[in-house]
Amino acid sequence: MKESIGFSSELASIYAESIRVISEICRSRFGLTYSQFVVMKILSSAEEGLRAGDLACTVGLKIGSLWLLLLDLEDKGLIVKESEEDDRRVMRCSLSVEGASVIAECNSEVLDTLVKRYWVALPDREFFEYARPTIDDNLARLKGESADSAGVPHSPSDVLTASFLVFLRVLTERWTEACRLHQLTLAEARLLVRLADGETRPSDVSEDLFMTKSLVTRLKARMSERGLIHEKENPDNGQSVLLTLTPSGARAAQEVLVELDRVTRNALVFDRGAAMATLNAWHTRIYLNMRAERSFRRK
């Protein structure tokens, strides 16, 4: 019997923080967006390059969005586009010599940062036995493909696989779409779900959800205006307040959680209980490592 992992504030925080950290390294050090990093990483494992249409399907982007991305990479001299001999209308994309060098350096820096900050004490054996096959299968399911499709190319020894990077982005997009059905942003939904566990201080929300204090302040203002949350005096500290859900907010939290949980359980499915237990343990370790790292950086 198949098992699945549901939505939680911790899981969403892990994915959001991972994308933020990867994006920051790519932008500040290499002038790349997250999606450009993913595209170049996929091309680095495709010896003969990929057709633009196949690349769009692999990375999970619309062809129009991919073309804009590719044009920017081409202008930077990082990729080469060539027409197919049998059909001049079809373009095949591959990395340039400079692009191969840039993606190798960028990938190394991203992986080094993730391992040192967040993936501490996560066994390689567990990754290669459970995590990577599960990610590949679930990415295919999330994209509506068959489990035995070609999937995202990667090196057999690669720990930071392109399929993992695509999975992070695609699942986050699915969550965002689900929240939009309830007139919420993903950040607003995460706050509602967190407050459904109990009233708490704004500073604790920032720490628990890996959000900046300024973002929490903006969310609090917007959602208070909509009648979803309100502030109350903290009985343990008169100089601080507690955030709590209104009755409307509690209903909104429950409704959006049902949808987010459905999306997540469709995306994180396991054939073996051991695989799910391993991934759950990994999520717990990574979340605690992220909290510790953020606390360390604030000191």
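Just so it is clear, the values below take in all heavy atoms, side chains as well, and ignore hydrogens, waters and symmetry mates. The residues of the chain are indexed from 1 along the displayed sequence.
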With a 4.5 Å heavy-atom cut-off, do Leu70 and Glu74 have their side chains touching?
no
Could you check whether any side-chain N or O of Thr284 sits under 3.5 Å from a backbone N or O of Asn280, counting only pairs where one atom can act as donor and the other as acceptor?
yes
Note: Glu48 and Arg92 closest approach over all heavy atoms is O-CD, 3.2 Å
Non-hydrogen side-chain atoms of Arg27 and Phe37 separated by less than 4.5 Å
no
Side-chain donor or acceptor of Ser96 paired with backbone N/O of Gly77 under 3.5 Å
yes
Might you point out which heavy atoms bring Ala52 and Trp67 nearest each other, and give the distance in Å?
CB-CZ2, 4.1 Å
So which heavy atom on Leu260 is nearest to which on Cys179, and how close?
CD2-SG, 3.9 Å
Nearest atoms (heavy-atom pairs only) where Ala56 meets Ile63:
CB-CD1, 4.0 Å
Can you name the residues that form a side-chain contact (heavy atoms from CB on, under 4.5 Å) with Arg169, not counting sequence neighbours?
Tyr34, Ser35, Val59, Leu61, Val166, Glu173
List for me each residue that meets side-chain contact (heavy atoms from CB on, under 4.5 Å) alongside Thr176, sequence neighbours excluded, and say none if there are none.
Thr172, Arg180, Leu186
Quick one: pull up CH2 in Trp175 and CZ in Arg190 and give me the separation to the nearest 0.5 Å.
8.5 Å
Measure across Ile19 and Leu168 and return the closest heavy-atom pair with its distance rounded to 0.1 Å.
CD1-O, 3.9 Å
Report yes or no: do Thr246 and Ser248 form a side-chain donor-acceptor pair below 3.5 Å?
no
Distance col, row Asp112:CG vs Lys116:NZ, nearest 0.5 angstrom, shows 4.0 Å
Quick one: do Leu66 and Val80 end up in the same hydrophobic cluster if we chain Ile, Leu, Val, Met, Phe, Trp and Tyr together by side-chain heavy atoms under 4.5 Å apart?
no
Are side-chain heavy atoms of Met223 and Leu192 found at a separation under 4.5 Å?
yes
Test Met211 against Leu219 for side-chain contact (heavy atoms from CB on, under 4.5 Å), laying out the working first.
CA-CA 10 Å; Met211 293 178 175; Leu219 292 175; 3.7 Å; yes
Output the distance between atom CG (Asp204) and atom CZ (Arg194), rounded to the nearest 0.5 Å.
7.0 Å
Worked verdict on Ile42 versus Leu50 for side-chain contact (heavy atoms from CB on, under 4.5 Å):
CA-CA 9 Å; Ile42 291 171; Leu50 286 173; 3.6 Å; yes
Ion pair check, Glu105 and Arg29, cut-off under 4.0 Å:
yes
For Phe7, is there any backbone N or O sitting under 3.5 Å from a side-chain donor or acceptor partner on Asp261?
yes
Interatomic distance, Cys93 atom SG to Leu69 atom CG [nearest 0.5 angstrom]:
10.0 Å
How about Ser13 and Leu209: do any of their side-chain heavy atoms sit closer than 4.5 Å?
yes
Are Leu195 and Val241 connected, step by step, through hydrophobic side chains (Ile, Leu, Val, Met, Phe, Trp, Tyr) whose heavy atoms are closer than 4.5 Å?
no
Are Trp119 and Leu11 grouped together when hydrophobic residues (ILVMFWY) are joined by side-chain heavy atoms under 4.5 angstrom apart?
yes
Looking only at heavy atoms, what is the nearest atom pair of Pro235 and Leu242, with distance?
CD-CD1, 3.9 Å
Can a salt bridge be assigned to the pair Glu225 and Arg222 using a cut-off of 4.0 Å between side-chain N and carboxylate O?
no
In Å, rounded to the nearest 0.5 Å, how long is the span from CG of Leu32 to CD1 of Ile25?
12.0 Å
Taking the side chain as every heavy atom from C-beta outward, state whether Leu243 and Pro202 have any pair of such atoms under 4.5 Å apart.
yes
Please find out if less than 6.0 Å separates the ring center of Tyr287 from that of Phe210.
yes
Any donor and acceptor pair, going by atom type alone, linking the side chain of Asn289 with main-chain N or O of Arg285 inside 3.5 Å?
yes
Test side-chain contact (heavy atoms from CB on, under 4.5 Å) on Asp72 and Leu78; report intermediate values, then the result.
CA-CA 9 Å; Asp72 187 49; Leu78 300 177; over 6 Å; no
So, does Lys41 use its side chain to make a donor-acceptor pair with the main chain of Leu165 at under 3.5 Å?
no
Should Leu171 and Val263 count as side-chain neighbours, where that means a heavy-atom distance under 4.5 Å?
yes
Criterion side-chain contact (heavy atoms from CB on, under 4.5 Å) on Leu160 and Val115, from CA distance to verdict:
CA-CA 10 Å; Leu160 181 63; Val115 169; over 6 Å; no
Would a distance-only check, ignoring hydrogens and angles, find a side-chain to backbone donor-acceptor pair under 3.5 Å from Arg201 to Ser240?
no
Nearest-0.5 Å distance, CD of residue Glu259 to NE2 of residue His182:
5.0 Å
Determine yes or no for a side-chain-to-main-chain donor-acceptor pair under 3.5 angstrom, with Ser18 supplying the side chain and Ile14 the backbone.
yes
Which residues share a side-chain contact (heavy atoms from CB on, under 4.5 Å) with Ser224, sequence neighbours left out:
Lys220, Ile229
May I ask you to say whether Arg291 pairs ionically with Glu207, meaning some side-chain N is under 4.0 Å from a carboxylate O?
yes
Residue pair Glu17 / Val21, side-chain heavy-atom distance below 4.5 Å:
yes
Taking the side chain as everything from C-beta on, heavy atoms only, tell me whether Leu191 gets closer than 4.5 Å to Leu228.
no
